[in-house]
Participant: 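Before I ask anything, here is the structure I am working with.
Count residues from 1 along the sequence.
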Amino acid sequence: MDEGDRPTDTDGSAGRDERAEDQSGAAPDESDDEVPDRSDDEVPDRSENEIPDENDFAASDGSEDDPDSEREVDLGDGPEPPGEAVDSGEVDTGSEAQGSPESVGGPAFETAETTTADESLLYRFRHDREGALMWVREMLASVGVVLLVGLLLFGVSGVWPPMVAVESGSMEPNMQVGDLVFVTEPGRLAPDAAENGVGIVTHEVGEEVDYRTFGSHGSVMIYTPPGRTGSPIIHRAMFHVTEGENWYDRADPEHHNAVDCGSLANCPAPHDGYITLGDNNGAYDQASGLSPPVRAEWVNGVARLRVPYLGYIRLIATGQVELNEAIAGAVGSGLPAAMETGLPATSSALASSAPAV
């Protein structure tokens, strides 16, 4: 049928046939700017986030003017998957962003080796059970414990050093040579029976109120009289006298050999103070001339507690006692009385002339 005689349908079917023929014949001669007219139903069934298949890129010549390539790139309206970039049919592998393993790993390995070496030394210092590091650790730990205990005791006692060592037997049997005695400053932890500023209860008052320390009534105090160059003296306070007092009648005849105040040293009393006595001594310190009546300002502290044998450490370190003497004293003090008959005894005269601390 001639095209001029072809009837025109009301629904435009003839027109559609003609447009179909024109498009089929003009397909090879499409220009670069011409985009095929496709409906939404003719778009390939692909998700918005799907990366174009490599076969699609292979079908085109890879040129930037290919309409199919532009269409497939434009279809990716959704967010691109992380790490995958699409540009004209090419996927970025991120080769430029990634460094070589050798360049990145080199310094990291050196740092790890250094850190491992440091941690290894610290671990050995903390956990070694033999060798130099173990000895250094134990020595530092021991020194630290001693300092910590000393600081705690200083906080409680208020005096430094807070502990003193007994050097002689003048306070036996209530204090032994080599005992370590804990001391508090005058007035600290004072009992109710102490009616003075130094916290001392005399033997005379202790008998009345039944106050006892270290095996007998009254307080044991540490004092240093003027002009004394040796260690402080640790003796018991017996009673208190006032300036000009005739204390002969108050004194126990067992602790002096005077017949009246005139024949008794420091009688009448030259000043206010305490009359003192070592528990193992035969005479008062004031009757023997060891010290005048002890003024309150001469008192260094009050004895509170003793620890046996630990004082030998200080005595050996200062050269006051030899090691063999310390061992003999420690062993001898633990022997029964029947076994001590062969040991040399300390005379009372020697004990009375020797300081207790």
Side-chain angles (χ1 to χ4, degrees), residues 159 164 168 170-172 174-175 181 183-304 348-349 351-357:
V159 296
V164 295
S168 76
S170 63
M171 285 293 293
E172 292 180 353
N174 300 314
M175 288 185 180
V181 179
V183 180
T184 61
E185 68 176 339
R188 179 168 295 203
L189 303 179
D192 296 337
E195 299 177 355
N196 47 61
V198 290
I200 292 176
V201 179
T202 63
H203 183 274
E204 186 177 70
V205 174
E207 287 181 325
E208 297 176 0
V209 299
D210 194 23
Y211 177 82
R212 304 173 66 91
T213 62
F214 299 98
S216 185
H217 294 99
S219 301
V220 176
M221 64 182 185
I222 297 92
Y223 71 95
T224 304
R228 182 172 180 81
T229 57
S231 301
I233 300 171
I234 178 169
H235 281 172
R236 194 178 302 274
M238 302 305 292
F239 54 90
H240 186 269
V241 296
T242 59
E243 182 179 358
E245 179 184 347
N246 180 356
W247 52 276
Y248 176 83
D249 295 334
R250 297 176 60 190
D252 188 342
E254 293 184 359
H255 302 308
H256 68 84
N257 53 6
V259 293
D260 54 21
C261 182
S263 59
L264 180 62
N266 292 296
C267 185
H271 52 257
D272 295 353
Y274 294 96
I275 304 300
T276 56
L277 174 69
D279 290 352
N280 195 39
N281 289 354
Y284 296 113
D285 298 343
Q286 291 66 37
S288 64
L290 184 62
S291 171
V294 180
R295 293 181 180 269
E297 55 266 27
W298 299 350
V299 179
N300 305 121
V302 181
R304 300 297 183 187
S348 60
S352 63
S353 62
V357 175

Participant: Determine whether a donor-acceptor pair (N or O, by modelled atom type, separation under 3.5 Å) exists between the side chain of R250 and the backbone of H240.
Facilitator: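 The answer is yes, because a donor-acceptor pair under 3.5 Å joins these two groups.
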Participant: Nearest heavy-atom pair of V201 and G206: which atoms, and what distance?
Facilitator: CG1-N, 3.9 Å
Participant: Enter the distance from R212:CZ to H217:NE2 here, rounded to the nearest 0.5 Å.
Facilitator: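 R212 atom CZ to H217 atom NE2 measures 4.5 Å (nearest 0.5 Å).
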Participant: As an exercise, state the distance from NE2 of H271 to OG1 of T242, rounded to the nearest 0.5 Å.
Facilitator: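 The OG1 atom of T242 is 11.5 Å from NE2 of H271, to the nearest 0.5 Å.
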Participant: Enter the distance from I234:CD1 to T276:OG1 here, rounded to the nearest 0.5 Å.
Facilitator: 12.0 Å
Participant: When you measure from the side chain of Y284 to the backbone N and O of D252, does any donor-acceptor pair fall under 3.5 Å?
Facilitator: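 Such a contact is found between Y284 side chain and D252 backbone.
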Participant: Are L264 and W247 packed together at the side-chain level, in the sense that at least one heavy-atom pair is separated by less than 4.5 angstrom?
Facilitator: yes
Participant: Ignoring hydrogens and angles, tell me if any N or O in the side chain of Q286 forms a donor-acceptor pair with the backbone of A265 under 3.5 Å.
Facilitator: no
Participant: Please give me the minimum heavy-atom distance between A193 and V205, naming the atom from each residue.
Facilitator: O-CG1, 4.2 Å
Participant: Quick one: pull up SG in C261 and CG in D249 and give me the separation to the nearest 0.5 Å.
Facilitator: 8.5 Å
Participant: After noting the C-alpha distance and the side-chain angles of L277 and H235, does the key distance pass the side-chain contact (heavy atoms from CB on, under 4.5 Å) rule?
Facilitator: CA-CA 6 Å; L277 174 69; H235 281 172; 5.9 Å; no
Participant: Got I275 and H203 here, is their nearest side-chain heavy-atom distance under 4.5 Å?
Facilitator: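 A side-chain contact under 4.5 Å is absent here.
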Participant: OH/Y223 to CG/D285 distance, rounded to the nearest 0.5 angstrom?
Facilitator: 3.5 Å
Participant: Looking at every heavy atom in both E185 and V159, which two are closest together, and how far apart are they?
Facilitator: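 It is CB-CG1, 3.2 Å.
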Participant: Within the structure provided, determine whether V294 and V299 are in side-chain contact (heavy-atom separation under 4.5 Å).
Facilitator: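 The answer is yes, as the side chains (C-beta and beyond) meet within the 4.5 Å cut-off.
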Participant: Quick one: does N174's side chain get under 4.5 Å of R236's, heavy atoms only?
Facilitator: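 Counting from C-beta outward, N174 and R236 do come under 4.5 Å.
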Participant: Taking the side chain as every heavy atom from C-beta outward, state whether E204 and M238 have any pair of such atoms under 4.5 Å apart.
Facilitator: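 They are not in side-chain contact.
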Participant: Identify the heavy atoms of N196 and G199 that sit nearest to each other, and give their distance.
Facilitator: OD1-N, 3.0 Å
Participant: Does a side-chain heavy-atom distance below 4.5 Å link Y274 with T202?
Facilitator: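 Heavy-atom side-chain distance check passes, below 4.5 Å.
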Participant: I'd like to know whether CG of D260 has more than 12 heavy-atom contacts from other residues, nucleotides or ligands below 6.0 angstrom.
Facilitator: yes
Participant: What distance do S219 atom OG and R304 atom CZ have between them, rounded to the nearest 0.5 Å?
Facilitator: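 The distance works out to 6.5 Å.
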Participant: Do T224 and N300 have side-chain atoms, one donor and one acceptor, less than 3.5 Å apart?
Facilitator: yes
Participant: Decide yes or no on side-chain contact (heavy atoms from CB on, under 4.5 Å) for S263 and Y248, but give the supporting numbers first.
Facilitator: CA-CA 10 Å; S263 59; Y248 176 83; 5.5 Å; no
Participant: As a quick check of understanding, evaluate side-chain contact (heavy atoms from CB on, under 4.5 Å) for I233 and R228, giving each step before the final call.
Facilitator: CA-CA 10 Å; I233 300 171; R228 182 172 180 81; 3.7 Å; yes
Participant: Write down the atom of A269, the atom of V241, and the distance for their closest heavy-atom approach.
Facilitator: CB-CG2, 3.8 Å
Participant: How about CD on E297, more than 12 heavy atoms from neighbouring residues, nucleotides or ligands closer than 6.0 Å, or not?
Facilitator: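 Counting neighbours around CD of E297, more than 12 heavy atoms of other residues, nucleotides or ligands fall under 6.0 Å, so yes.
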Participant: Pair D272, R295 - check side-chain contact (heavy atoms from CB on, under 4.5 Å), show working.
Facilitator: CA-CA 6 Å; D272 295 353; R295 293 181 180 269; 5.9 Å; no
